[in-house]
Amino acid sequence: MVLFLFSVMFFHRPASSIPLSRNRNIFLMHKQAVQKRVQWVSTVKKHAIWTKTHERNARRVLNLMIELEGLWVKMGQYLSTRADVLPEPYINVLKQLQDSLPPRPFEEVRGTIEKELGKPMSDLFADFVLDPLATASIAQVHRATLADGREVVVKIQHDGVKEIILEDLKNAKSLIEWIAWAEPQYDFNPMIDEWCKEAPKELDFNHEAENTRTVSRNLSRKTDSESGSVSSAVDVLIPEVIQSTDKVLILEYMDGIRLNDNDSLEAYGVDKQKLVEEITRAYAHQIYIDGFFNGDPHPGNFLVSKEPPHKPILLDFGLTKRISKSMTQALAKMFLSCAEGDHVALLSAFAEMGLKLRVDMPQQAMDIATIFFRQSTTAKESKENIKALNEQRERNKKALQEKMKLNKKEVQRFNPVDAFPGDAIIFMRVLNLLRGLSASLNVRIVYLDIMRPFAESTLLGSLTQGQITNGQWIYDSPANSDVESRLRNYLLELGSDKILGIQVCAYKDGKVIIDTAAGMLGKYDPRPVQPDSLFPVFSVTKGITAGMVHWLVDKGKLKYEETVANIWPNFGTNGKELIKVHHLLNHTSGLHNALGDVVKNDPLLVCDWEETLNQVTKCTPETEPGSAQIYHYLSFGWLCGGVIEHASGKKFQEVLEEAIVRPLHIEGELYIGIPPGVESRLAALTVDTEELQKLSGIKAGADVPPALLNNVAQMASGVPVLFNTLNVRRAIIPAANGHCSARALARYYAALATGGSVPPPHSADSKPPLGSHVHTPKFPTAPLKKKKVTRKKKGGSSTGNLQDLSNTDKDGYSQLRTSDADSEAAAGSASMIFSSDKILDAFMGIGEYESMIHPNGKFGLGFRRYNNASGKLRCFGHSGMGGSTGFCDVENNFAIAVMVNKMSLGSVTRGIIRFVCEELGLPVPDEYSATGEKGPDMVLNLMPPQQSR
C-alpha cells in the first residue's frame with residue numbers, strides 16, 4: 001500500500017519542494033535492503049528492524065502528505081484509522097493528520113473571519129484563543145467566546161485549499177483513467193467519480209452547517225419498527241450551529257476528550273467498548289433509518305464528553321452523503337442477506353443498488369460482501385487480518401479462474417464487476433473507517449448484532465406506516481374491468497395483516513379482465529410487487545409439468561398407455577416394470593413416498609437433478625400401479641421429468657420453453673428452476689404464524705400420504721427458509737419450485753381452457769409488457785460488440801452480413817439473439833399448442849381417458865379436477881402449499897391465477913376466487929368453496945369451513 005502511495009505521489013501534482021522521484025527510489029531501495037537483511041536474523045530482531053523501517057517510511061509519507069496538502073491529507077487521515085490492516089508505526093505517525101497538522105498563521109485566520117463575517121474580530125468575540133484546538137486538511141478550529149458570553153468553537157477554512165483539492169481531483173481522475181486503461185481489473189473510476197461529486201461539498205461551510213442540523217434532528221427523532229423504537233439505542237451529542245458562511249463555521253463548544261488521547265480516556269474511566277458501540281449505532285441510524293450520513297468517521301471527528309456517561313460527540317459533517325430510499329433499502333437488504341447468508345437477497349440487493357457482475361459466483365459474492373460487516377479486530381491482529389484477507393482473495397481468484405476458464409495472466413486482468421454504484425462508495429468508506437476506529441481503540445465490534453435492528457427497521461417500516469391506500473399498496477396500473485376495481489377494494493379490506501404480496505390475473509373469453517399486483521416482495525423487501533414479479537408456487541408447478549407431458553403425447557413422442565420403462569429403460573427395476581405414463585399423471589404409480597427418506601436425510605439432494613433421477617430408478621412402489629390414488633407430493637416432478645427428458649431427447653427446461661413459454665409469449669415469467677439474473681424480481685416466502693397454529697386441527701383423507709402430515713407444522717415453518725435459498729430456487733424440482741407471475745400462469749390456463757388455443761396478446765396496460773424479458777439472461781463478460789458473420793448458401797455464395805443483436809435488461813444482464821433464435825421463436829408462435837381435439841378430456845381424465853384414472857379420484861391426468869355446485873366436472877387446475885393457485889373453467893372459458901408469498905391455510909386465496917366467480921356469475925369450484933371437498937394438494941391450505949369467507 002505504501003509503495004502504491006509513493007508511486008501515485010511520483011505522478012501527482014509537483015507542489016512539493018521535495019524531489020518525489022528521489023524519495024520513491026530511496027523507499028524502494030531501502031525496502032529491498034531490509035528484506036535481504038531480515039533473512040538472517042532472529043524473529044525478535046526481525047520485528048524490531050521492520051518496526052524501525054516502518055517508522056522511518058511513515059515519517060516520509062507524513063512529510064510528503066503535509067507538503068502536498070489537499071486530498072493527500074484526506075488519504076492520510078483514512079490510512080491513520082486502518083489499524084486493522086496497517087502496521088502500528090504508520091498509525092502512530094499518520095494519526096496527527098487527523099487534527100494536528102501545522103496551523104496556518106493567525107493573520108490568515110483573522111483575514112478570513114473578518115472578510116466572511118463582515119466585522120472586526122473585536123466586535124465578534126469577547127475572547128479568541130490564538131492556539132488552535134485542531135488543524136486538519138481543510139480547516140483549523142479555535143476556541144472562542146462570543147460577545148454575548150457563549151462558549152463556541154470557530155472553524156476557519158485554509159486559504160487556497162479549495163483550488164488545491166479541485167486540482168487534486170482533476171489529476172487523480174486522469175491517473176485513475178490511465179490505470180483502468182492499463183490494468184482493467186483496477187478500474188477505480190466509480191470511486192473517483194463519487195469523490196469528484198462529494199468532496200467539493202466539504203468546502204462550503206453553509207452546507208456543513210445545514211448537514212449538522214439535519215443529522216442532529218434525525219438522531220433525536222423517534223423511529224418505530226416492528227419490534228419497537230430503535231432510536232433509543234442512539235445516545236450521542238452534536239454541537240448546535242450558531243452561525244455559518246462559506247468559509248467560517250461557529251458551533252457550540254463541547255468539552256471533550258479526543259479518541260487518540262488514551263491516557264485521558266483511561267483517567268476518566270471511559271468504557272471504550274460502549275463508546276464505539278454507541279458510535280456504530282449512530283451511524284447505523286444515519287445510514288439505514290435516515291439515508292443521510294457522515295462520510296468521514298475518523299477519530300479526529302469525535303470527542304467523548306468528560307461527564308458520565310461519557311457520550312460520543314459527533315463533529316464535522318462536511319462530507320455527508322444523502323442516498324435515495326431505494327438505495328437505503330438495498331443497503332439494508334445487503335446487510336441482512338449477509339447476516340442470514342441469503343444469496344438470493346444479496347444478488348437482488350446488488351441489482352437494486354446498480355451493482356452489476358460479469359460472472360455468476362454467488363458464494364464468492366457473499367464472501368466479499370460479508371467482509372464489510374465482519375466482526376472488527378484489534379490493532380494487534382492486523383497482520384493476521386491482512387493474511388486472512390489475502391488468503392480469501394486468492395481463493396476467490398482461483399474460483400474465478402476455474403469458473404471463467406482463464407489463465408493466470410487473464411484472471412489478473414479480469415474485472416468481475418461490470419458496473420459499480422457511486423452511492424455505495426462512501427458507504428463502504430464509512431464501514432472501513434468504523435472498523436479502523438474500533439481497531440485503534442482495541443475493541444471488538446459485532447456489526448451484525450449492533451446494526452441489524454436499524455437495517456430491519458428500514459425494511460419493516462413499510463409495514464407499519466399506518467393506513468393502507470390504493471396508491472401506496474396496489475401497484476399503479478389501469479383496471480381492466482369493473483370486476484377488477486371491486487377486487488382491488490376487496491384486497492384493501494383484507495389489508496397487509498393477511499396479505500404480504502399478491503398477484504391476481506384472470507381471463508374471460510380469451511381477454512384479460514383482471515391483472516392486479518399489490519403488497520411487497522418480502523418481509524425484508526418492501527419493494528412493490530409488480531405484474532412481472534416472480535412468485536415461488538410449490539405444487540402449482542405440477543400443473544405445468546403435466547402440460548409438458550401432454551404436449552409430448554400430442555407431438556407423438558410418447559403415449560399415455562406406454563410403460564415408463566419403455567421410455568426410460570433404467571426405470572424398469574424393483575417392481576416398476578408395469579408402471580405406465582398415465583399412472584404417473586394420475587398419482588397411482590405407488591411411488592408417492594419415493595425419495596422421501598433420502599430427501600429427509602439430505603434436503604439439498606433435491607438440487608441435484610441427475611442424482612434425483614438416478615435415485616428414482618432405484619425406488620420400489622408401495623402399491624400396485626393403478627390400485628390406489630395417493631398424492632405424489634414430491635416424486636411427481638421427478639417421475640414426469642424423467643419421462644419428459646427421455647421421450648424428447650432434450651433437457652427439461654428446453655422442453656418447457658418450446659412447449660409453453662415461447663408459444664404463449666411469456667418469456668421471463670415462468671420457470672422451473674430460475675436462471676441467474678432474475679433475482680431482483682423474486683418474491684420471498686414467509687409464513688402466516690397465526691394460521692400456522694391452526695395446523696394441528698387438519699385432517700386429511702386416505703389419498704394423502706401420512707409422511708406429508710407428520711410434523712406438518714415444522715415442515716410449514718421450515719419450507720420457506722429452504723425454498724428461499726438460491727440453490728433450491730435454481731434447482732429443477734418439477735413438483736415444487738416453479739417461479740412465475742400470475743399473468744403468465746393465467747395465460748397458460750386460458751390456453752388450456754380452449755384446448756390449447758393461444759389467447760390474444762396480453763393487455764397493453766400491463767407494464768412491463770408480458771414476454772418482454774429475456775428468458776435466459778447472460779452475464780456481460782466482455783463489452784458486446786457487433787460481429788460480422790458471413791453465411792454461405794448451399795451453393796457456397798455469401799448471403800451478406802448478419803449482426804448479433806444484444807438485448808440488455810434492467811439488471812444489466814444480456815442475451816445475444818441470432819436469426820436462428822428468432823426463427824425458433826417465430827416457429828413457436830403457432831395459434832394452437834395442442835392439435836388433438838380430445839386434449840381437454842385427457843386433462844380431466846374423462847371420455848376415452850376415463851379408464852386411465854382411479855375411480856372417484858380427485859385427479860385427472862396431472863390436474864386436480866374440480867366439481868361445481870351442479871356436480872359438473874368442467875374445471876381443472878392445480879394449487880400449491882401456502883395458497884398460490886391456478887385453474888380454468890372450460891365451460892365458461894374462464895381462467896385465473898393467484899400468487900401469494902405469505903404462506904397461509906388458503907383463506908385469502910379461496911376468498912379471492914369466490915369473490916371473482918360470484919362477481920362474474922360463475923360457479924365456484926369445490927376446491928375454493930366454503931364447504932366443498934379440498935384436494936390433497938391443499939393439505940396446508942385446509943381450514944375449518946367456518947373460518948373461510
Side-chain angles (χ1 to χ4, degrees), residues 507 537-560 581-582 584-587 632 636-645 647-648 650-667 669-673 732-759 828 830-845 849 852-853 859-866 875-880 884-890 895-897 937:
Y507 279 73
V537 293
F538 294 103
S539 289
V540 171
T541 317
K542 292 182 176 71
I544 300 167
T545 302
M548 296 165 65
V549 175
H550 286 289
W551 184 79
L552 289 171
V553 172
D554 190 68
K555 299 300 179 186
K557 299 292 185 180
L558 57 87
K559 298 178 181 178
Y560 300 119
V581 173
H582 66 75
L584 304 184
L585 292 172
N586 193 232
H587 299 266
H632 291 35
F636 179 92
W638 293 311
L639 293 167
C640 291
V643 168
I644 289 168
E645 289 203 341
S648 67
K650 298 179 179 180
K651 294 295 184 181
F652 180 90
Q653 290 169 323
E654 293 175 354
V655 178
L656 174 61
E657 290 184 44
E658 185 179 354
I660 297 173
V661 173
R662 289 202 296 270
L664 291 176
H665 307 294
I666 53 176
E667 288 87 348
E669 296 193 30
L670 191 149
Y671 297 100
I672 300 178
I732 304 173
I733 312 175
N737 83 326
H739 287 76
C740 60
S741 63
R743 63 183 186 176
L745 187 66
R747 187 170 176 81
Y748 170 65
Y749 276 107
L752 298 191
T754 57
S757 178
V758 176
S831 59
M832 293 292 296
I833 300 177
F834 302 100
S835 59
S836 172
D837 58 358
K838 297 181 179 179
I839 192 67
L840 287 170
D841 289 353
F843 293 156
M844 291 182 283
Y849 304 97
M852 298 181 186
I853 69 166
F859 284 92
L861 293 181
F863 296 95
R864 165 79 166 95
R865 306 185 302 179
Y866 308 136
C875 298
F876 63 91
H878 219 299
S879 296
S884 293
T885 194
F887 80 91
C888 61
D889 178 338
V890 176
I896 189 170
D937 49 276

| To the nearest 0.5 Å, what is the distance between CG (Leu752) and CZ (Phe843)? | 4.5 Å
| task | Rounded to the nearest 0.5 Å, what's the gap from CD on Glu645 to CD on Gln653? Could you check? | result | 9.0 Å
| query | To the nearest 0.5 Å, what is the distance between CD1 (Ile544) and CG (Leu670)? | reply | 4.0 Å
| request: Return the minimal non-hydrogen interatomic distance between Cys640 and Thr545, and the atom names on each side. | output: CB-CG2, 3.6 Å
| note | Correct closest heavy-atom pair for Ile672 and Leu656 would be N-CD2, 3.8 Å
| Can you check whether Phe859 and Phe636 have ring centres sitting under 6.0 Å from each other? | no
| query | What are the two closest heavy atoms between Ala897 and Ala746, and how far apart are they? | reply | CB-N, 3.7 Å
| Yes or no on side-chain contact (heavy atoms from CB on, under 4.5 Å) for Ile853 and Arg865, after CA distance, side-chain angles and deciding distance? | CA-CA 11 Å; Ile853 69 166; Arg865 306 185 302 179; 2.9 Å; yes
| Side chain of Thr541, backbone of Gly738: donor and acceptor closer than 3.5 Å? | yes
| task | Determine yes or no for a side-chain-to-main-chain donor-acceptor pair under 3.5 angstrom, with His878 supplying the side chain and Ser539 the backbone. | result | yes
| request: Let me see the working for Lys838 and Tyr849 under side-chain contact (heavy atoms from CB on, under 4.5 Å), right down to the final yes or no. | output: CA-CA 9 Å; Lys838 297 181 179 179; Tyr849 304 97; 4.0 Å; yes
| query | Short question: side chain of Tyr507, backbone of Pro759 - any donor-acceptor pair under 3.5 Å? | reply | no
| field | Donor-acceptor contact present, side-chain His550 to main-chain Leu861, <3.5 Å | value | yes
| query | What is the minimum heavy-atom distance between Ile833 and Ala659, and which atoms define it? | reply | CG2-O, 3.6 Å
| query | For Glu658, which of Lys555, Lys650, Lys557 qualifies under salt bridge (charged side-chain N to carboxylate O under 4.0 Å, His left out)? | reply | Lys650
| task | Supply the atom-to-atom distance Phe538 CZ to Thr885 OG1, rounded to the nearest 0.5 angstrom. | result | 14.0 Å
| query | Is a side-chain N or O of Arg747 found less than 3.5 angstrom from the main chain of Leu664, in a donor-acceptor match? | reply | yes
| Does the Asn586 side chain pair with the main chain of Gly860, one donor and one acceptor, at a distance under 3.5 Å? | yes
| query | Are the side chain of His587 and the backbone N or O of His632 linked by a donor-acceptor pair below 3.5 Å? | reply | yes
| Pair Asp554-Ser835, side-chain donor/acceptor within less than 3.5 Å | yes
| said: Let me confirm one number: the SG-CD1 distance from Cys740 to Ile666, rounded to the nearest 0.5 Å. | reply: 8.0 Å
| said: Pair Val553, Tyr560 - check side-chain contact (heavy atoms from CB on, under 4.5 Å), show working. | reply: CA-CA 7 Å; Val553 172; Tyr560 300 119; 3.6 Å; yes
| query | Which heavy-atom pair separates Ser757 from Met832 by the least distance, and what is that distance? | reply | CA-SD, 3.3 Å
| field | Residue pair Phe876, Val890: steps toward the side-chain contact (heavy atoms from CB on, under 4.5 Å) verdict | value | CA-CA 8 Å; Phe876 63 91; Val890 176; 3.6 Å; yes
| message | Would you compute the distance between atom CG of Leu552 and atom NZ of Lys559 and round it to the nearest 0.5 angstrom? | response | 14.5 Å
| note | Of Phe863, Tyr749, Tyr866, the one forming a ring-ring contact (aromatic ring centres under 6.0 Å, His included) with Phe887 is Tyr866
| query | So, for Ile644 and Met548, which heavy atoms are closest and what is the spacing to 0.1 Å? | reply | CD1-CB, 3.8 Å
